[in-house]
Chemist: 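Have a look at this one.
We're numbering straight along the sequence, starting at 1.
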Amino acid sequence: MNTTRVFANMSAVINSGRLNGERLRRIIESKTVADAFKVLGDYGYVYSEGASVDGFIVGETNRLIEFVAEETASSKLADALTARFKYNNVKLAYKSRFTAVPSDGYYAADIDVNRITDGDYEDVDRFMAQALTELDEQNESRPQAIDLALTRAMYSYILSCPLAIVKKYARAEIDMKNILSAARMNKLKLSGEQFISGGRINVDTLVASLTEEPFASNFERTPYAEYAERIAENDFSDLWKSEMEADDFLYYLTHRDVAAYSSFTPFLNYYTETLIELKTVKTALVCVKTNSRDLFYKRIPEIYK
């Protein structure tokens with residue numbers, strides 16, 4: 001990593017824009033997954049013979065991780081952006097003590113998962129080490145509890161980054177995840193503390209939303225008022241749409257300043273675009289594989305419409 005912000009942002013712009021509506025149409029209209037992989041090859045994606053859909057997405061994600069590590073102008077930004085991949089690996093490694101985990105689910109992130117499996121946390125960040133130690137002390141083996149504990153630690157780590165744009169981005173992501181969690185809990189009439197700290201919406205508001213109706217009224221004075229209203233439509237029946245809307249929100253949060261080449265924002269926008277892109281490609285490949293192409297057209301992110 002030895003570059004300027006301007007050069008890093010120019011590299012990000014050059015590598016962006018692999019997908020658009022027409023290219024997605026070509027992918028989804030492929031007769032087989034193998035044909036779809038060939039189409040993706042035309043657009044610059046790399047396919048290894050015999051790779052599964054998940055394996056393909058992991059491979060492309062590894063390319064993103066490598067790009068961030070090599071091209072970003074800040075080690076602090078790189079650490080923040082790659083944290084989710086390191087924590088993903090740690091979640092899998094910890095859960096592998098109790099259950100089988102997919103061998104192709106690990107990313108090429110800079111962490112020794114074998115040491116995590118063995119209970120050696122000496123070389124991990126302090127937030128991760130604390131979460132793992134507490135899981136050990138609680139003899140925790142429930143996958144959902146492991147995921148929640150490490151997700152909380154991950155956001156604490158990301159929010160320790162001194163860059164203002166990273167904090168703004170992470171807090172927005174936390175808020176939207178918490179609102180979605182509250183919606184699911186409200187729908188299923190669940191109670192308990194399943195929220196992530198660090199967002200701008202306080203826990204009291206989130207807890208109140210589990211019982212106080214209408215659901216969206218709890219978020220009237222937040223930037224997510226309209227988002228909460230749409231979540232609650234039709235008795236929370238379309239939460240998958242809300243997940244897509246959260247991705248779009250984060251994309252447009254950074255897209256506003258995408259021409260500010262002296263900042264970190266264009267690079268962060270490219271990172272967000274690529275995460276959305278890979279989710280979209282995976283959805284397209286699964287729809288081709290299961291012959292459910294009509295479903296895909298209902299799940300195209302806003303940035304490709």
Chemist: With a 4.0 Å cut-off on N to O distance, would you call R230 and E233 a salt bridge?
Modeler: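 Result for this pair is no, no salt bridge flagged.
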
Chemist: Would you kindly say whether T151 and K91 are connected by a side-chain donor-acceptor distance under 3.5 Å?
Modeler: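 The criterion, which ignores hydrogens and geometry beyond distance, is satisfied for K91 and T151.
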
Chemist: V46 and I57: same hydrophobic cluster, using ILVMFWY side-chain contacts below 4.5 Å?
Modeler: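 No, V46 does not connect to I57 through the hydrophobic network.
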
Chemist: Within 45 degrees of the axis of the six-membered ring of F236 and under 6.0 Å from its centre: does R184 put its NZ or CZ there?
Modeler: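 No.
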
Chemist: Does R97 make a cation-pi contact with Y94, if we ask for NZ or CZ under 6.0 Å from the ring centre and within 45° of the axis?
Modeler: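 Geometry flag: set, cation within 6.0 Å and 45°.
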
Chemist: Evaluate the criterion side-chain hydrogen bond (donor to acceptor under 3.5 Å, both in side chains) for residue pair T205 and N202; output intermediate values, then yes/no.
Modeler: CA-CA 6 Å; T205 298; N202 63 55; 2.9 Å; yes

Chemist: Is E277 salt-bridged to R23, going by a charged N under 4.0 Å from an acidic O?
Modeler: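 Answer for the salt bridge query: no.
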
Chemist: Working to the nearest 0.5 Å, report the span between OG of S197 and OH of Y155.
Modeler: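 Nearest 0.5 Å value for the OG-OH distance: 11.5 Å.
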
Chemist: Does D125 use its side chain to pair, donor to acceptor, with the backbone of M128 at less than 3.5 Å?
Modeler: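 Looks like yes, one N/O pair under 3.5 Å.
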
Chemist: To the closest 0.5 Å, what do you measure between CD (E273) and CZ (R18)?
Modeler: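 Going from CD on E273 over to CZ on R18, the span is 9.0 Å.
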
Chemist: Starting from Y304, can I reach F249 by hopping between I/L/V/M/F/W/Y residues whose side chains sit under 4.5 Å apart?
Modeler: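 No; tracing contacts between hydrophobic side chains, which count when under 4.5 Å, never links both residues.
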
Chemist: Looking at E243 and R299, is there a salt bridge between them, counting it only when a charged N and a carboxylate O are closer than 4.0 Å?
Modeler: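 Here R299 does not pair with E243 in a salt bridge, since their nearest N and O are not under 4.0 Å apart.
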
Chemist: In plain terms, say whether K86 and D110 are close enough for a salt bridge, that is, a side-chain N and a carboxylate O under 4.0 Å apart.
Modeler: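 Salt bridge flag = no for D110 with K86.
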
Chemist: If hydrophobic clusters are built by linking Ile, Leu, Val, Met, Phe, Trp and Tyr wherever their side-chain heavy atoms come under 4.5 Å apart, do V68 and F7 end up in the same one?
Modeler: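 In one cluster with V68: F7, no.
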
Chemist: Going by atom types alone, do Y169 and T272 pair a side-chain donor with an acceptor below 3.5 Å?
Modeler: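 Distance-only check passes for Y169 and T272.
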
Chemist: Can a donor-acceptor pair be found, under 3.5 Å and without considering hydrogens, that links the side chain of N218 to the backbone of F215?
Modeler: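 Yes: the side chain of N218 pairs with the backbone of F215.
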
Chemist: Decide whether a cation-pi geometry holds between R5 and F267; the criteria are a distance under 6.0 Å from NZ or CZ to the six-membered ring centre and an angle within 45° of the ring axis.
Modeler: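 Geometry flag: not set, cation outside 6.0 Å or 45°.
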
Chemist: Answer yes or no: does atom NZ of K167 have more than 12 heavy-atom neighbours from other residues, nucleotides or ligands under 6.0 Å?
Modeler: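 Enclosed.
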
Chemist: Check this for me, if you would: do R25 and E29 make a salt bridge, where the nitrogen-to-carboxylate-oxygen distance has to be below 4.0 angstrom?
Modeler: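 Looking at R25 and E29, the cut-off is met.
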
Chemist: Should I165 and V6 be regarded as members of a common hydrophobic cluster, given that ILVMFWY residues are connected when their side-chain heavy atoms come within less than 4.5 Å of each other, either directly or indirectly?
Modeler: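 I165 and V6: separate clusters.
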
Chemist: Does K279 pair with D247 as a salt bridge, N-O distance under 4.0 Å?
Modeler: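 D247 and K279: salt-bridged.
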
